[in-house]
Amino acid sequence: MTKADLIESVYLTTGFSKKESAAIVEMVFDIMKSTLEGGEKIKIAGFGNFVVKEKASRRGRNPQTGSEIEISARKILTFKPSQVLKAAINEDF
Amino acid sequence: MTKSELIEKLSDGHELLNKKDAETVINLIFGGIGDALSEGSRVEIRGFGSFSVREREAREARNPKSGELVKIPSRKTPFFKTGKELRERVDESL
């Protein structure tokens with residue numbers, strides 16, 4: 001499934017044109033991206049939480065050469081699925 | 001940001017979209033992704049990330065309270081991999 005499938009389902013359900021449906025779906029992900037970029041988490045009930053975490057710098061090794069390198073501090077995005085989503089995925093058909 | 005705040009922001013940012021429509025759209029998006037994952041499909045949203053299902057193997061563990069050995073059956077878990085654009089935007093905001 002890709003964005004195109006989500007656009008199609010918005011188009012079929014809402015009555016907006018394909019072009020408008022595409023703009024709306026694009027807008028949803030744009031809002032989410034700017035929110036996360038600002039370090040704010042997003043909680044979608046029944047789906048899961050998107051959380052930005054700060055990782056401290058640490059020493060690591062280049063696995064190819066074995067030389068020790070400094071891995072800089074960074075921010076990463078994590079997704080924690082809700083119990084509802086986990087249960088749905090494990091349901092037998 | 002909660003789901004209802006996302007719905008509000010979407011509706012505010014789009015002239016033609018009232019709150020009810022915005023709610024329908026958000027439910028379609030996350031419901032659609034969830035349904036696809038339940039069927040075992042992978043979902044890829046360019047610039048945002050991809051959702052997939054990973055298998056966790058069955059294992060034996062101990063109940064930390066009683067020390068009892070328990071068998072944990074294999075199960076599936078949703079997995080999200082952040083897309084390149086979003087990964088860079090999140091990190092560069094440091």
Side-chain angles (χ1 to χ4, degrees), chain A residues 1-10 12-17 20-21 23-50 52-55 72-82 84-91 93, chain B residues 1-10 12-14 16-17 20-22 24-51 53-54 56 73-83 85-94:
Chain A
M1 179 192 243
T2 64
K3 217 186 284 177
D5 299 297
L6 295 175
I7 292 165
E8 183 76 12
S9 90
V10 168
L12 292 172
T13 312
T14 61
F16 284 114
S17 72
E20 282 162 351
S21 300
I24 290 166
V25 170
E26 207 60 59
M27 192 178 233
V28 172
F29 290 106
D30 282 345
I31 293 170
M32 291 180 71
K33 283 190 271 190
S34 334
T35 303
L36 295 166
E37 188 178 14
E40 193 185 334
K41 68 175 156 199
I42 301 176
K43 301 196 279 188
I44 308 293
F47 187 78
N49 298 345
F50 296 90
V52 176
K53 286 190 179 167
E54 297 199 21
K55 305 283 264 186
S72 57
R74 63 193 61 209
K75 282 187 187 171
I76 57 153
L77 175 60
T78 59
F79 173 66
K80 189 168 187 291
S82 80
V84 178
L85 183 61
K86 283 196 210 171
I89 281 168
N90 280 288
E91 233 164 66
F93 289 99
Chain B
M1 175 183 269
T2 62
K3 184 168 143 183
S4 51
E5 286 166 346
L6 176 58
I7 290 166
E8 206 158 309
K9 201 153 190 183
L10 179 64
D12 287 348
H14 196 287
L16 303 167
L17 207 60
K20 185 114 180 72
D21 288 334
T24 303
V25 168
I26 296 299
N27 286 334
L28 279 173
I29 289 178
F30 292 106
I33 296 172
D35 287 347
L37 291 174
S38 300
E39 290 161 15
S41 302
R42 185 173 175 274
V43 181
E44 184 175 340
I45 311 293
R46 275 285 158 84
F48 187 77
S50 58
F51 297 89
V53 176
R54 293 203 167 174
R56 295 259 181 270
S74 76
R75 64 202 149 85
K76 295 177 195 145
T77 180
F79 179 77
F80 175 70
K81 184 172 191 285
T82 312
E85 184 207 332
L86 183 55
R87 187 171 64 234
E88 289 172 355
R89 282 175 64 175
V90 164
D91 190 30
E92 274 161 23
S93 60
L94 199 74

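As the structure is a prediction and not an experimental result, all values here were calculated from the model. FYI, side chains are in, hydrogens and waters are out, and symmetry mates aren't considered; it's all heavy atoms of this structure.
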Heavy-atom pair count under 4.5 Å with chain B, highest-scoring of Thr35(A), Ile42(A), Ile44(A)
Ile44(A)
Nearest 0.5 angstrom please: His14(B) NE2 to Phe16(A) CZ, how far?
6.0 Å
Point-to-point distance, once rounded to the nearest 0.5 Å, from CD of Glu40(A) to CD of Glu5(B):
7.0 Å
In Å, rounded to the nearest 0.5 Å, how long is the span from CE of Met1(A) to CG of Asp35(B)?
7.5 Å
Tell me, side chain or backbone of Val52(A) under 4.5 Å from chain B's heavy atoms, or both, or neither?
side chain
Which atom names give the shortest non-hydrogen contact between Ala88(A) and Ser38(B), and what distance separates them?
O-OG, 3.7 Å
Contact winner vs chain B - Ala23(A), Ser21(A), Gly48(A), Ser9(A), heavy-atom pairs under 4.5 Å:
Ser9(A)
When only pairs under 4.5 Å are counted, which of Thr77(B), Thr82(B), Ile45(B) shares the most heavy-atom pairs with chain A?
Ile45(B)
Can you name the closest pair of heavy atoms from Met27(A) and Gly13(B) and give their distance?
CE-O, 2.8 Å
Side chain, backbone, both or neither: which part of Ile31(A) has a non-hydrogen atom closer than 4.5 Å to chain B?
side chain
Output the distance between atom CD1 (Ile24(A)) and atom CG (Leu16(B)), rounded to the nearest 0.5 Å.
7.5 Å
So, the part of Ser34(A) with a heavy atom under 4.5 Å from chain B: the answer is both
Under 4.5 Å from any heavy atom of chain A - which part of Thr2(B)
both
Applying the ring pair (Phe, Tyr, Trp, His ring centres under 6.0 Å) criterion to Phe79(A), which one of Phe48(B), Phe79(B), Phe51(B) satisfies it?
Phe51(B)
Given a strict heavy-atom distance threshold of 4.5 Å, which part of Arg75(B) is in contact with chain A: side chain, backbone, both, or neither?
both
Cut-off 4.5 Å, heavy atoms of chain A, and the answer for Val53(B) is side chain
Among Thr13(A), Val28(A), Leu6(A), find the one that has a side-chain contact (heavy atoms from CB on, under 4.5 Å) with Val25(B).
Val28(A)
Search all heavy atoms of Arg46(B) against all heavy atoms of Lys3(A) and return the closest pair with its distance.
O-NZ, 3.5 Å
Given side chains that start at C-beta, do those of Leu85(A) and Phe30(B) come closer than 4.5 Å, heavy atoms only?
no
Atom NZ in Lys43(A), atom OG in Ser4(B): separation rounded to 0.5 Å?
10.0 Å
Can you establish whether the number of heavy atoms outside Lys9(B) located under 6.0 Å from its atom NZ is more than 12?
no
What's the separation between atom CG in Leu28(B) and atom CG in Asp5(A), rounded to the nearest 0.5 Å?
12.5 Å
Region of Thr2(A) that comes under 4.5 Å of a non-hydrogen atom in chain B:
both
Is there a side-chain contact between Leu77(A) and Phe80(B) (heavy atoms, below 4.5 Å)?
yes
Interchain contact, Ile26(B) with chain A, by part (heavy-atom threshold 4.5 Å):
side chain
